[in-house]
Amino acid sequence: MTSSVQKKRARKKNITYMLFLLPGLVYLVINNYIPMMGVFIAFKNIDYAKGIFKSDWIGLQNFRFLFKTRDALIMTRNTLLYNLVFIVAGTVFAIFVAILLCELGEKLSARIFQSALILPYLLSWVIISYIVFAFLSSDTGYLNKAVLEPAGKSFVNWYGEPFYWIFILIFVFLWKSTGYQSIVYMANIAGIDSSIKEAARIDGANKLQEIRYVVLPLLKPTVVVMTLMAIGRIFYSDFGLFFQVPMDSGALYPVTQTVDTYVYRGLMKLNDIGMASAAGLYQSVVGFVLVLLSNLAVKRADPDNALF
Amino acid sequence: MNRKINSEKAFHRFAFVVLLIFAVICILPILLIVIASFTDEHVLLAEGYRFLPAQMSTMAYNYLWKQSDMMVRAYGVSILVTAAGTILSIILSTLFAYPLSRKDFKYRNFFSFFVFFTMLFSGGIVPSYMMWSRFFHMKDTIWALVVPTYLMSAFNVLLIRNFYSNNVPDALVEAARIDGASEFTIFGRVMLPLSVPVIATVALFTGLSYWNDWINGLYYINDPALYSIQNLLIRLMNNIQYLNSGAAAGALSGGMTALPSASVRMAIAVIGVIPVVLAYPFLQKYLIRGTVIGAVKG
Amino acid sequence: MKRKSLLTIGMAAVLMLSAAGCGKNPADTAGEQPAGNAKKTESTDNAEDTGSSGDVQGEYTKIVYSYWTMDRIPDEDARESVEEAINEITREKIGVEVELMPLAASEQAQKVSLAMASGEQLDIFNTVGDLNTYIANNQVYDITDLVHEYAQGAVDQVSEEFLKTTMKDGKIYAIPADKGIALAANLYYRKDIAEELKLDMDSVKGIEDLTPIYEKVAQAHPEMSALAGGAGGLEMIHTLKDFEVDYLTDSWSKPMGAVLMGDSMTVENLYASEEFKGRVELMRDWYQKGYILKDSATTTASCQETVAAGKAFSFIGNQAGNYGVQEASSMCGYEMGYIRLSQPYLDTTSVNSVTWAVSSQCKTPEKALEFLNLTYTDADVVNLIVFGLENRDYVKVSDREMVFPEGLDANTVPYTAQFSCGVVGSQFKQLVHEGTPEDNNDLMYKENHESKISPAFGFTFDSTPVKTEYTAVTNVINQYLPGLVWGSIDPATELPKFLDALKEAGMDEIIAAKQEQLDAWAAQ
């Protein structure tokens, strides 16, 4: 008797919960799920006169161009390694900055610093590429003209030296995104019950210990979620960072070629939506598999923090 | 005790110095292009980018001023779209995240996955375009800038869900429930007030993505009256890049003089960022107030 | 405005319905064009739309004419007023109402594909770049049976000979834009410096002759580079036209390299040729001597900007006619002189890099062609599209010259597409900017028809069978070519690497495929 009442109540609660979900569900179905059916384009040879629905099926042919090239290894390596560095360094810097900002609290200086740190995020990649160019241009750049030249050093052809760009790209990425990412962690740190910190302090913890034993553990769930989401996109790269910032300089391809730039460079000319679609599907599937695996690992270790 | 106060002070000082350095690193490069936008065109190419150019000039801004009515209208579109989009998005996301954070919701894992999945797969632009332009007739309407793509981001939903489940004590929800509050009351009276920090954060993210968006405008807007400020900028920049790529070689015969020069491009960049820089302190105030409320009540 | 867009869609639907209904869809007879897609669009448009605007259509056929523009996209009001002025002509002449769809240059290819993939009405568009891609994707209508009946004026204007370049397997797919197509690599240089240093510019017949001149410039003006490369691409590559290179319908700006040279009908690799090697070695030599602007391979500044800033003495540009030097002078702020570095050499790409095509989904190709015909033959129509309304958007200063109204320029007039002058219809029917030399048009016309022509003129290459190789080769070329062409990488070590990379990426397959198609074409 009681169990059926409980069941009924549980069902009613589930229905109420569904009402919360309803508006979002409608949107996701229209905006994401129905258009997702469009992946079939990846398996078609698009013929505009026939329309996308009636074009011929060609199996996996659209995928060939991704693998049948000596660039396949380079672009896969670059995409994965950069993303790994971005995930690790990005998280470390963002948390570091968030802790420092919270330390300064509500002071005017904290607000000014935070504004300054988020400023780069407000710029589009096109603009950032101009900024980078202003520093690195061989003939007019600040580094060559105002730093190396007065110091009596010979100029560096920055856009022709792949080696430097491994660091330049990482720096630019951190420069743009650290302030922005730190906001996520700041909200979490600010949300930490101040009584917990107080208790730690009374127990004699110093600042570093407080961070180590109170703040970081509380940030763990957020870090896990952010990382899992990043892993889902690990086969994607920020097109602006890898294409526009290096000014599409050919000499830099060994360190700037990623899946997205390769697809863009190849398809700009061919304008083939079938092949573009195939590349997107490939990136999604790899990300999907990786994220399922890592979620599984998280679930094993710490079920509360798993993404789903 | 004394040592501890010292260590706190030292850490405080450390935080200040490090942030100061970071802030300078962030601002200086931007300053360089702001100065470039005020630099005489020829001086810019002749002596390179300098923090103290030999000759200042407002020529780039004069050039843009001639098109000020267009700029003002584009600002209007951007502000309207950003405001509407952010509000709608917050409503959808906070509602959606609530059941996902409740442990007694039977399908929470399924729906968490349902929303996360949208982050991984997409059908590309063609199906989305058909959906919004042919079924909803949004082409060349202001809705095309608000509705497609940005209204709900899986990232934001999961962020809010996490905040709900980690920062709002279950006991509080249970207590409200025992008092006989409905789920909607709990959501409105308990959840929302407690999650101001994360809502402010998500509002900032969403607002920024609306403000910086040019993709919707690119696909759905042909009428210049509905250009947002980003669309205006990106079209100028894209045309220059397109020309640089050599793709048009052979097509052009004459009329080249109308292209904006380097300092004009820098000026355009500056103009696109100024409103956000001006609006940011207000948002930030809200952010910090939000964080305070969160801390005190939590 | 929302109502307006509903109306547009409604009208499109009516057109589709009527085309499907009357059954005499010429697409049926055209072979490869199935009429089936009318059914698809029929079901996606709801009945309400069709009902509300049914009476608007009927008398006149609506044609959506999209075109490439680098100018500011005009506001709706400005555009509609121009449309109305055009319609006054077209209603009477051909029973057509036109809707103009200006597309920003950088977005045009993408937007045309998107509109077509989703089934929107778009009847006419221009193919800037690779016509073959459009043919391979079946985006363009087979107008073989219609073009002579409905657009003979346009054919006469561009000449029957040029129409060959838009053919594939005996079918005609587009009409080339009627403009100066005989591009020649010109050297533009600062006259004041040439006079100051008493440089003998007349002695220059080709790019090699520039070395002694650049040496003097470098000595006298260490603050500037003798030659600027820049935004706009790899202009040096076009001086190779001296060797009568036919790109065999690959892109003009960055040729894929599988080419014909001279009278030979054997496809070879341009980048493996001695001629190419000689040129890049020359450029490397110049680069090391400091003659070439160091940033050339990457800069975003145009050559003209660099010259204007006093940083360079000369640059190479590709132009037809002789208007280029005026323009160079006004952009550089110095009086510029010019010399030809190579003579024009016409191949298929020279002509079909800008063509006008009817969309393969067009329901009324006859009407579309009739309208296209007007853009080649009716000066009023083409001037309206390019320059807008007289006295509002421009003022005539003579029968053939225009200027912008007092106090306005290309960025502030309500409507202009002045950049598109070489794209829309016939350039020879259009007004020109004030100051254009009187013989410019005649010279362009003469060279269009008297320049040397490749033996493979008219051959178009279908790249579909080697799509994968194209992607890979494009990437290799992007990686090496700019550095080689502007001398910033050493050909002694990098050229062999470049050739190896090309081989690995499938250059040989591309050459083989081209040879095969070329042989088949020659046999016909």
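The sequence lines fix the lettering, A, B, ..., with proteins before strands; numbering per chain opens at 1.
Counting heavy-atom pairs closer than 4.5 Å to chain A, the top-ranked of the candidates Thr464(C), Ile489(C), Leu293(C) is Leu293(C). Listed options Ser137(A), Ser249(A), Ala251(A) were ranked by heavy-atom pairs under 4.5 angstrom with chain C; first place goes to Ser137(A).
The CG atom of Asp295(C) sits 6.0 Å away from atom OG1 of Thr140(A), with the distance rounded to the nearest 0.5 Å. For the atom pair Gln110(C) CD and Ile273(A) CD1, the distance stands at 11.0 Å (nearest 0.5 Å). For the atom pair Leu66(A) CG and Thr468(C) OG1, the distance stands at 9.5 Å (nearest 0.5 Å). Lys294(C) contributes atom NZ, which lies 7.5 Å from atom CG of Asn144(A) (distance to the nearest 0.5 angstrom). Going from atom OG of Ser359(C) over to atom OH of Tyr48(A) covers 11.0 Å, rounded to the nearest 0.5 Å. Atom OG of Ser360(C) sits about 7.0 Å away from atom CG of Asp47(A), to the nearest 0.5 Å.
Glu469(C) touches chain A through its side chain: at least one heavy atom from C-beta onward sits under 4.5 Å away, while N, CA, C and O do not. In this structure, chain A has heavy atoms under 4.5 Å from both the backbone and the side chain of Ala472(C). Neither the backbone nor the side chain of Gln61(A) comes within less than 4.5 Å of any heavy atom of chain C.
Side-chain atoms of Thr471(C) and Tyr262(A), non-hydrogen and from C-beta on, do get closer than 4.5 Å to each other. The side-chain heavy atoms of Gln479(C) and Pro254(A), taken from C-beta on, include a pair separated by under 4.5 Å.
Residues satisfying the ring pair (Phe, Tyr, Trp, His ring centres under 6.0 Å) test with Tyr480(C), not counting sequence neighbours, are Phe498(C).
When the shell of 6.0 Å around CZ of Phe93(A) is examined, it contains 12 or fewer heavy atoms from other residues, nucleotides or ligands.
Counted by atom type alone, Gln257(A) and Asn475(C) present one or more donor-acceptor pairs between their side chains at under 3.5 Å.
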